[in-house]
Amino acid sequence: MTTKQSPQALNDTVIKNGYCVGCGACAIPERSPFKMVMDDYGQYQSVLKNSDIFATTQSDYEKICPFGSGALNEDEIAKQHFSETCKHNDQVGYYSGVFAGHVSEGDFRKQGSSGGMGSWVLNELLSKGLVDYVVHVKSENADVNLHNLPFKYQVSATLDETQKGGKSRYYPIELSEVLKEVKNKPGRYVVVGLPCFIKSIRLLQAQEPILAERIRYCVGLVCGHLKSAHYAQSLAWQMGITPQELEGIDFRAKDPSQPANRYNTYVKGHSAEKVVLTNQLFGTDWGAGAFKYKACDFCDDVFAETADIALGDAWLPEYVQDGNGTNVVVTRNQDVQQLITNALAEGRLAMDDLPVEKAVQSQDAGLRHRRIGIIDRLAFEAEAGHWVPAKRIKMTHRANPGLENEKQRLRVKMRELSHESFNLAKVRSDINVYVKSMMPVYTKYKRLGVSLKSRLKSKLKRLFYGN
Ligand SMILES: Cc1cc2nc3c(=O)[nH]c(=O)nc-3n(C[C@H](O)[C@H](O)[C@H](O)COP(=O)(O)OP(=O)(O)OC[C@H]3O[C@@H](n4cnc5c(N)ncnc54)[C@H](O)[C@@H]3O)c2cc1C
């Protein structure tokens with residue numbers, strides 16, 4: 001047992017080096033010396049509040065943190081849960097079923113960001129009596145307006161309450177408050193979360209039997225990365241609503257007449273509401289990674305590999321034209337798989353079976369960033385003599401060649417610059433401070449993308465036609 005050293009060690013490695021993803025797991029154990037705070041960048045971060053408590057805490061914090069040195073990795077956790085019933089794919093993790101489709105019943109699809117499966121699975125587990133409570137992310141004021149800020153993890157006990165928690169919230173959230181509620185209130189729960197958050201839950205369950213007993217299912221979201229609160233503010237500000245005025249946001253307002261990837265951003269201020277096509281707003285290119293948590297650049301789990309089911313967008317040519325939204329779905333748990341099979345037979349879901357390679361294809365860009373680009377990003381940190389979290393990738397892998405390596409440098413630069421320049425923009429009350437700081441780096445990054453593409457084309461030409 002490493003009780004005394006463990007909080008300090010976590011603080012000196014993960015937290016001090018910027019790898020805290022703000023999940024809140026370390027603040028959950030009894031007498032935890034950690035608390036969650038929103039930092040100046042608009043990200044939840046763990047803070048070591050009191051070293052006197054070390055003597056009384058019983059938890060091993062390095063084993064709870066998803067980036068902690070003592071934590072099992074995603075493969076090791078997933079193997080314990082799914083290896084007996086599932087097949088395995090390198091990029092997707094374990095899987096029993098792989099689908100693309102949407103919910104046909106009710107308003108799930110209309111009210112969801114993609115095909116509506118997120119809220120549907122939670123509802124189905126509740127209505128079929130497999131859980132008593134749903135732990136999900138919704139507006140604190142969902143009764144007034146579903147999109148009102150702030151969004152936070154909450155417990156729902158009815159189908160009506162669950163349905164108010166639809167939509168992807170590209171916004172900081174943390175688990176410590178809600179999981180303390182779970183510990184205090186007996187019952188069976190399902191939790192929805194990003195890959196690293198679900199990993200935290202699995203790690204917590206290994207140390208806290210009460211959470212192992214109560215959290216019966218984990219629903220994972222496929223993940224590109226998590227954004228700070230300033231991402232929402234930056235979008236609204238470009239639409240004429242200042243950070244002080246911003247009351248609510250829908251990051252994924254659908255336009256069924258357009259392809260699924262041409263969605264809108266809806267914002268609500270004190271006295272106005274606005275809707276703009278998202279890709280017309282600066283900073284919405286996910287590859288560029290504005291307002292990304294640093295930790296996300298050091299996570300290699302795209303398909304929420306430790307969750308019972310993973311849900312994302314089917315970014316595939318066959319489905320992207322449908323602006324109503326289509327999910328990619330990976331099942332790993334037999335109960336969840338059965339719910340889907342039954343609902344398909346009853347016509348409540350419309351799903352196609354997918355070869356697992358298609359699921360991989362649907363997240364091509366995210367996987368390249370997380371699984372290939374990570375080699376360079378780890379190398380940058382190691383070169384600078386910084387501590388890095390242990391990853392599944394072996395550091396004996398060679399760094400990527402020239403332009404790819406440069407692309408990763410520019411992505412890191414944009415991540416850092418977005419946080420800093422937006423704070424300066426706030427001080428100067430001028431959104432252009434942020435846009436103008438970012439633009440030269442972003443332009444360079446886009447030019448590099450063009451060079452990389454044309455190199456790839458020439459390579460393919462040579463391959464197929466010779467010379
Ligand atoms: C930060 C983030 C990054 C993502 N990146 C990708 C990606 O790169 N590729 C991809 O295909 N899909 C990604 N997704 C998932 C995608 O946006 C949809 O959430 C997913 O397809 C489910 O859509 P749906 O219509 O089925 O769910 P809905 O019916 O809209 O339900 C969504 C569920 O997710 C919960 N939720 C919303 N925001 C959060 C959050 N921040 N943390 C935890 N739970 C939340 C809601 O409470 C709700 O239960 C991301 C989601 C988030 C939040």
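- Under the side chain to side chain donor-acceptor pair (under 3.5 Å) criterion, the residue pairs touching residues 239-260 are Lys167-Asp250, Tyr170-Arg252, Thr242-Gln244, Thr242-Glu245, Glu247-Lys268, Glu247-His270, Arg252-Asp313, Asp255-Ser257, Gln258-Arg262, with sequence neighbours excluded.
- Counted by atom type alone, Asp75 and Asn73 present zero donor-acceptor pairs between their side chains at under 3.5 Å.
- With sequence neighbours left out, the side-chain hydrogen bond (donor to acceptor under 3.5 Å, both in side chains) criterion links Arg415 to Asp297.
- There is a side-chain donor-acceptor pair under 3.5 Å between Tyr266 and Glu273.
- Among pairs with a residue in residues 70-95, those fulfilling ring pair (Phe, Tyr, Trp, His ring centres under 6.0 Å) read His88-Tyr94, at least two apart in sequence or across chains.
- With Phe99 as the partner, the side-chain contact (heavy atoms from CB on, under 4.5 Å) test is satisfied by one option alone out of Asn327, Thr331, Asp352, Leu354: Thr331.
- In terms of modelled atom types and a separation under 3.5 Å, the side chain of Ser32 and the main chain of Cys26 share a donor-acceptor contact.
- Residue pairs that meet the ring pair (Phe, Tyr, Trp, His ring centres under 6.0 Å) test with at least one member in residues 172-209, sequence neighbours left out, are Tyr133-Tyr189.
- Within the structure, ring pair (Phe, Tyr, Trp, His ring centres under 6.0 Å) pairs that include any residue of residues 331-351 do not occur (at least two apart or interchain).
- Sorted by first and then second residue, the ring pair (Phe, Tyr, Trp, His ring centres under 6.0 Å) pairs with a member in residues 292-335 read Tyr19-Phe298; sequence neighbours excluded.
- Thr265 and Thr278 share a donor-acceptor pair across their side chains, judged by distance under 3.5 Å alone.
- For Glu177, the CD atom sits in a loose shell: 12 or fewer heavy atoms of surrounding residues, nucleotides or ligands are nearer than 6.0 Å.
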